[in-house]
**Student:** 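My questions all concern the structure below.
Just the heavy atoms: all of them, side chains too, but no hydrogens, waters or symmetry mates, feed the values below.
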Amino acid sequence: MQFVGIAKSYEKKEITSASDKGREMLEQFYGKCTDTMTHVIGIVVAGELEQGFTAKLQDLARRYNKKVVMWNYNELLMAVDYAIHKYGLSIENIIVDLKADGSKRRGRPRNAS
């Protein structure tokens, strides 16, 4: 069983099937729906998906007999909140760690002079 994830960066506005990010996501999602090797499609987006857009994705998945898992802004916040409490982290620790790790996320070596 193959899992494929589609992740999108933060978006202030609600993502719809008519928005640029929504059209891009829909195209990728459809491509994975028609891929016989893919069985589960994950959507991770640091934003909100419009209810009709979510229904459209779920309908596509159902038509192609795919399972779908969606994590949006609220689910991501709950996961971060859980980790903070579970591991006794502080917001200050997280900010320091994110800043120290920032170059890896941007694909640049740290302290390159």
Side-chain angles (χ1 to χ4, degrees):
M1 184 173 288
Q2 182 175 356
F3 171 86
V4 175
I6 299 171
K8 298 297 171 196
S9 59
Y10 177 72
E11 183 70 41
K12 285 184 182 181
K13 313 178 286 217
E14 187 175 63
I15 298 169
T16 69
S17 56
S19 67
D20 289 343
K21 197 167 281 193
R23 284 192 305 270
E24 181 182 326
M25 189 182 303
L26 187 57
E27 184 178 311
Q28 292 173 336
F29 192 86
Y30 177 75
K32 293 306 168 189
C33 280
T34 58
D35 179 357
T36 58
M37 297 298 289
T38 301
H39 298 94
V40 181
I41 305 168
I43 299 274
V44 178
V45 60
E48 293 299 325
L49 299 177
E50 184 242 348
Q51 187 175 1
F53 184 52
T54 300
K56 185 180 284 192
L57 295 173
Q58 290 170 334
D59 183 55
L60 264 174
R62 198 171 17 263
R63 284 189 205 176
Y64 287 93
N65 199 30
K66 306 294 180 185
K67 302 292 183 199
V68 64
V69 177
M70 292 188 198
W71 277 37
N72 65 18
Y73 187 77
N74 290 331
E75 285 85 11
L76 293 171
L77 281 180
M78 287 190 291
V80 169
D81 185 57
Y82 173 80
I84 287 170
H85 289 93
K86 168 112 175 129
Y87 299 108
L89 303 173
S90 70
I91 300 300
E92 293 78 21
N93 294 126
I94 294 169
I95 291 170
V96 168
D97 288 345
L98 285 172
K99 285 181 179 178
D101 197 38
S103 62
K104 290 180 189 173
R105 289 191 308 280
R106 289 186 296 273
R108 293 184 289 244
R110 282 182 70 194
N111 300 328
S113 307

**Student:** If you take all heavy atoms of Ala46 and Tyr10, which pair is closest and at what distance?
**Tutor:** O-CD1, 2.9 Å
**Student:** Could you measure the distance from the CD1 atom of Ile41 to the CD1 atom of Ile6? Nearest 0.5 Å is fine.
**Tutor:** 6.0 Å
**Student:** Would you say Tyr73 has more than 12 foreign heavy atoms packed within less than 6.0 Å of its OH?
**Tutor:** no
**Student:** State, yes or no, whether a side-chain contact exists between Asn74 and Glu48 at a heavy-atom distance under 4.5 Å.
**Tutor:** yes
**Student:** Is Lys66 reaching over with its side chain to a backbone N or O of Asp35, donor-acceptor style, under 3.5 angstrom?
**Tutor:** yes
**Student:** Please answer: with hydrophobic residues joined when any side-chain heavy atoms are less than 4.5 Å apart, are Leu49 and Leu60 in the same cluster?
**Tutor:** yes
**Student:** From Lys8 NZ over to Gln28 CD, what is the distance, rounded to the nearest 0.5 angstrom?
**Tutor:** 3.5 Å
**Student:** Looking only at non-hydrogen atoms, find the nearest pair between Ser19 and Thr16 and report the distance.
**Tutor:** OG-O, 2.9 Å
**Student:** Please answer: with hydrophobic residues joined when any side-chain heavy atoms are less than 4.5 Å apart, are Leu57 and Val69 in the same cluster?
**Tutor:** no
**Student:** Please report the closest heavy-atom contact between Trp71 and Leu76, naming both atoms and the distance.
**Tutor:** CE3-CD2, 3.6 Å
**Student:** How about Lys56: does its NZ atom have over 12 heavy atoms from other parts shown lying under 6.0 Å from it?
**Tutor:** no
**Student:** Counting distance only, does the side-chain N/O of Glu75 pair as donor-acceptor with the main-chain N or O of Asn72 below 3.5 Å?
**Tutor:** yes
**Student:** Between Ile95 and Lys99, is there a side-chain heavy-atom distance shorter than 4.5 Å?
**Tutor:** yes
**Student:** Take the angle between the ring planes of Tyr30 and Tyr64 and call it parallel below 30°, perpendicular above 60°, tilted in between.
**Tutor:** perpendicular
**Student:** Can you check side chain to side chain contact (heavy atoms under 4.5 Å, CB included) on Ile43 and Thr54, steps first, answer last?
**Tutor:** CA-CA 10 Å; Ile43 299 274; Thr54 300; over 6 Å; no
**Student:** I'd like to know if Val40 and Met70 are part of one continuous hydrophobic network [Ile/Leu/Val/Met/Phe/Trp/Tyr, side-chain heavy atoms within less than 4.5 Å].
**Tutor:** no
**Student:** Is the CG atom of Asp59 crowded by more than 12 outside heavy atoms at less than 6.0 Å?
**Tutor:** yes
**Student:** Closest heavy-atom contact between Val68 and Gln58?
**Tutor:** CG1-CG, 4.4 Å
**Student:** Hydrophobic cluster membership, with links at side-chain heavy-atom distances under 4.5 Å among I/L/V/M/F/W/Y: are Ile84 and Tyr87 in one?
**Tutor:** yes
**Student:** Side-chain contact test, heavy atoms from C-beta onward, threshold under 4.5 Å: evaluate it for Ser9 versus Lys21 and give yes or no.
**Tutor:** yes
